[in-house]
Amino acid sequence: MKKSTINIALLVAAVLIMAASIWGPELLAEYKDKTVLDRISTQTSETEGAGYRYTLSRNEKLFILSKCLSGQTLPESEQNALTREVEEASDYQELEGTYAFVVNHRGPTGGEITNEEIFAKCNEALLALKELEILPGTLKDVESKGYEAVLYSAIDVLEPRNNVAVWKVSFSMNNRNLDRTNRLIDAYLDADDGKIYEFYARTDKKWEEIDADGLIEQWSRYMGLESPKPYETDNPLSEATPYYKKYVFSGAGDGRTIVTVGFYEGINELFLKISK
């Protein structure tokens, strides 16, 4: 009798185990679905905030753009104006193997300044610089018929997501006989907010009338940068003019960006340019 009871118990246990193996997973999944479906739940992600990893600060943007422009920026004077056509004929320029400056053929995306907006945005930026006395109030507005605008991407090749989209607004090479007095010659504008990183402009001022320290301080505030430090160079041939002052800003990591405020006598061209 005792042996028969044990056998029956083992048989029942075996049946239960078989039933659990067959219907158990389905019942468990159904129960889990009921606890999840039609309910809102939250979960903390270990990578929370990772989407902002490639959001660049203004210092980082300035640094990347300076690395890209350093190998190609030339003074906007009569001596080199003709060479700009040759420079701009190349859509891809790789600088030092790790930074590239390329024409952005895909065009503006998202909230970037469009082709239709660029000249109006440029004039807004110029007005802001005039009000800050960075540029003289006599500087004329840019017009679509007299200027060209090209969208570029400055790219950190080793970290391609670290890139800066900029518009280059230039006095058209077709205007060779047009008076350039009080006109913008070149400028690089941030494609997101229109802030001017670099400019060359013909003015009616002399170098003696320009307060370089005050100008760079105002430009720093305009750009949202910390105040720069004076930068002394041992290279007397670093500029094609004796009229300039250099300043240094912190860049990405241990990097730095040199900003030069200068003046070409004779053509009265004031410039603010960035370099590595």
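One-based numbering along the sequence shown.
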Closest heavy-atom pair and its distance - [X], [Y]:
X	Y	result
I216	P228	CG1-CG, 3.9 Å
P230	Y247	CA-CD2, 4.2 Å
G194	L189	O-CD2, 3.5 Å
F171	L178	CZ-CD2, 3.9 Å
K205	P136	CE-CB, 4.3 Å
F119	V169	CE2-CG1, 4.3 Å

Does atom [atom1] of [X] have more than 12 heavy-atom neighbours from other groups under 6.0 Å away?
X	atom1	value
K121	NZ	no
E209	CD	yes
K206	NZ	no

- Query: Do NZ/NE/NH1/NH2 and the carboxylate oxygens of D193 and R58 come within less than 4.0 Å?
  - Reply: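 A salt bridge links D193 with R58.
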Connected via hydrophobic side-chain network under 4.5 Å: [X] and [Y]:
X	Y	value
V150	V142	yes
W167	L56	yes
W219	Y244	no
L135	L127	no
M223	I258	no

- Task: Run the numbers on S275 and S66 for side-chain contact (heavy atoms from CB on, under 4.5 Å), then give the verdict.
- Result: CA-CA 5 Å; S275 58; S66 72; 5.5 Å; no
- Does F271 have its ring centroid less than 6.0 Å away from the ring centroid of F263?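 Aromatic pair excluded; centres sit 6.0 Å or further apart.
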- Query: Do K246 and E239 pass the salt bridge (charged side-chain N to carboxylate O under 4.0 Å, His left out) test, and can you show the C-alpha distance, the side-chain angles, and the key distance before you say yes or no?
  - Reply: CA-CA 10 Å; K246 291 182 177 289; E239 298 296 333; 2.7 Å; yes
- Task: Mind running side-chain contact (heavy atoms from CB on, under 4.5 Å) on T257 and V248 for me, showing each step along the way?
- Result: CA-CA 6 Å; T257 304; V248 60; over 6 Å; no
As an exercise, state the distance from [atom1] of [X] to [atom2] of [Y], rounded to the nearest 0.5 Å.
X	Y	atom1	atom2	value
T98	I64	OG1	CD1	10.5 Å
L151	N115	CG	CG	7.5 Å
T260	L272	OG1	CG	8.0 Å
T181	K140	OG1	NZ	7.0 Å
K61	N163	NZ	CG	9.5 Å
R183	R180	CZ	CZ	10.0 Å

If only atom types and distance count, is the side chain of [X] paired as donor or acceptor with the main-chain N or O of [Y] below 3.5 Å?
X	Y	answer
E131	A128	no
K168	A149	no
E198	I274	yes
Q218	L215	no
Y222	E217	no

- Message: I want to check something: taking the side chain as every heavy atom from C-beta on, are D156 and Y99 in contact at a cut-off of under 4.5 Å?
- Response: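 Yes, at least one pair of side-chain atoms sits under 4.5 Å.
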- Message: Are the side chains of L184 and D141 in contact, using a 4.5 Å heavy-atom criterion?
- Response: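 Not in contact.
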- Item | Worked check of side-chain hydrogen bond (donor to acceptor under 3.5 Å, both in side chains) between E226 and S250 | CA-CA 9 Å; E226 295 181 359; S250 61; 5.1 Å; no
- Query: Honestly, is K229 close enough over Y231, meaning NZ or CZ under 6.0 Å from the six-membered ring centre and within 45° of the axis?
  - Reply: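 Because its charged atom misses either the 6.0 Å distance or the 45° angle limit, K229 does not stack over Y231.
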- Message: Cation-pi check for Y200 against K273: NZ or CZ below 6.0 Å from the six-membered ring centre and within 45 degrees of the axis, yes or no?
- Response: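 No, K273 does not sit over the ring of Y200.
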- Message: Between N268 and T203, does the side-chain hydrogen bond (donor to acceptor under 3.5 Å, both in side chains) criterion hold? Intermediate values first, please.
- Response: CA-CA 6 Å; N268 282 25; T203 78; 5.0 Å; no
- Query: Under 30°, 30 to 60°, or over 60°: which ring-plane class applies to F101 and Y152, parallel, tilted or perpendicular?
  - Reply: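 Geometry flag for Y152 against F101: parallel rings.
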- Query: Would Y147 and S172 count as a side-chain contact (heavy atoms from CB on, under 4.5 Å) if you check the C-alpha gap in whole Å, the side-chain angles of each, and the deciding distance to 0.1 Å?
  - Reply: CA-CA 5 Å; Y147 284 82; S172 177; 5.7 Å; no
- Message: Hydrogens and angles aside, do S153 and N104 bring a side-chain donor and acceptor to less than 3.5 Å of each other?
- Response: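 There is such a pair between these side chains.
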